[in-house]
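Below: the structure, in structure tokens.
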Amino acid sequence: MGKILLILFCILISNLSLSSAQSCESYAFSRNTNYATCASLPVLNSHLHWNYNPTNSTVDLAFRHTGTGTSQWVAWALNVDGRGMRGAQTLVAVPNPNGTFRAYTTSITSYQPDMQPSRLSFEVPTIMAEIVNGDVVIYATLVLPSGRTSFNQVWQVGSMNNGALAAHAFVADNLNSVNTVDFSNGVTTAGGSVGGSRQRRRNTHGVLNAVSWGVLMPMGAMAARYLKVFKAANPAWFYIHVATQTSAYGVGVAGWATGIKLGSDSSGIQYDTHRNIGIILFAFATLQVFALLLRPKPDNKYRFYWNIYHHSLGYSIIILSIINVYEGLDILDPEKKWKNAYTGILISLGVITVIAEALTWFIVLKRKKEDKRTHAGTNGTNGHA
Ligand SMILES: *[C@@H]1O[C@H](CO)[C@@H](O)[C@H](O)[C@H]1NC(C)=O
Ligand SMILES: *[C@@H]1O[C@H](CO)[C@@H](O)[C@H](O)[C@H]1NC(C)=O
């Protein structure tokens, strides 16, 4: 009985592995080329098919990306001396306006490459690309460098922007598209994520800053403006305002520091606008904290000017913070729901602001009217007297 089960199990396993091998190896190429080896890559719906010729150390390969849009570029690369994007010796397929694809080589030397055709560190005697039923295939012959057969490989897909290649997305699949390939034995091994810990740091930076600069600081300003009008909330509004803004500042500085560290670690990619706004924000917010220490007494003649200064700096910080959260979201390019969530929070704060503003005006005007009436009443009494 056990033996029969074992045999059934073996048949099942061999069928499973056969069918998964077939989905890669039985693919019929339009050029009728047969490739001896095939590896389905772990992410981004990609497959690598090749023939290895040990006599002249060449590889004829076909890199296939399934489900490519007609406005997407596709790339595959060997990184001979390093890992990941920097140093990638890249074959790239780019859509033409008429829907066909052209292919060329480009050597990537930075994280902000121009993706213009350039020579690789090894010979590529032939390269071409085509799109067949939504599969983009790059065909190429590589002369493998220095007798090696095992390399780090990296592959990628991204969208086009007015005929130019736009940066790829920064979601998990696009960051995990690295592993190694050995052309002599067909083994591909997982290379893990190039940017796993870096991505975690980027996300931490994003959450800290969106919460502190992007949400807490506007709420602190609202507390000051709209609680002040209620007599019962005096002086509580002041302490709420100070507590909110100082904790926002504390968290914000931590988030800011992670951002500065990320910026100095990213060799190549420069997010200048985001970085510059960040530095201005840090300077403004620090000024704002110290301004509190220099605040003149309410009856001081300079208090009026201090108030103007405090308000204009405060509102500038809020506006710049919101702009920079969106700048950051564009760089981080997380799932759409995060941007929507932040927009939702802003809309809620906006609605509360409108209602609170109306209420404040109502209360202030009513109070004024009452004051006038009491005043008139007093005058009347005086008149009688
Ligand atoms: C390498 O060798 C193979 C098989 O011998 C041959 O078909 C191929 O044309 C050669 N390639 C180059 C670039 O010399
Ligand atoms: C499509 O456009 C490319 C260049 O833009 C050209 O080389 C190619 O011949 C065109 N193909 C067809 C089928 O029109």
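Only this structure's heavy atoms are used, side chains among them; waters, hydrogens and symmetry mates stay out. Each ligand, and each atom within it, is numbered from 1 in the order the structure gives.
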Would a search of protein heavy atoms around atom 2 (O) of ligand 2 find one under 4.0 Å away?
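Looking at atom 2 (O) of ligand 2, one finds that a protein heavy atom does lie closer than 4.0 Å.
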Do protein heavy atoms approach atom 5 (O) of ligand 1 to less than 4.0 Å?
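There is a protein heavy atom less than 4.0 Å from atom 5 (O) of ligand 1.
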Going by atom types alone, do Glu357 and Tyr226 pair a side-chain donor with an acceptor below 3.5 Å?
yes
Shortest protein heavy-atom distance from [atom], along with the residue and atom involved:
| atom | result |
| --- | --- |
| atom 7 (O) of ligand 1 | Asn53 ND2, 4.8 Å |
| atom 8 (C) of ligand 2 | Asn98 ND2, 3.8 Å |
| atom 9 (O) of ligand 1 | Asn56 ND2, 4.8 Å |

Heavy atom to atom 13 (C) of ligand 1, shortest distance: which of Val59, Thr55, Thr58 holds it?
Thr58
Can you check whether Thr141 has an N/O within less than 3.5 Å of an N/O in ligand 1?
no
Give a yes or no on whether the ring-centroid distance for [X] and [Y] is below 6.0 angstrom.
| X | Y | result |
| --- | --- | --- |
| His49 | Phe29 | yes |
| Trp256 | Phe282 | yes |
| Tyr342 | Tyr326 | yes |

Is the Phe183 ring parallel, tilted or perpendicular to the Phe151 ring (thresholds 30°, 60°)?
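If you compare the ring of Phe183 with that of Phe151, the planes turn out tilted.
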Could you check Ser321 against Leu281 for side chain to side chain contact (heavy atoms under 4.5 Å, CB included), going step by step and ending with a plain yes or no?
CA-CA 7 Å; Ser321 295; Leu281 275 173; 3.5 Å; yes
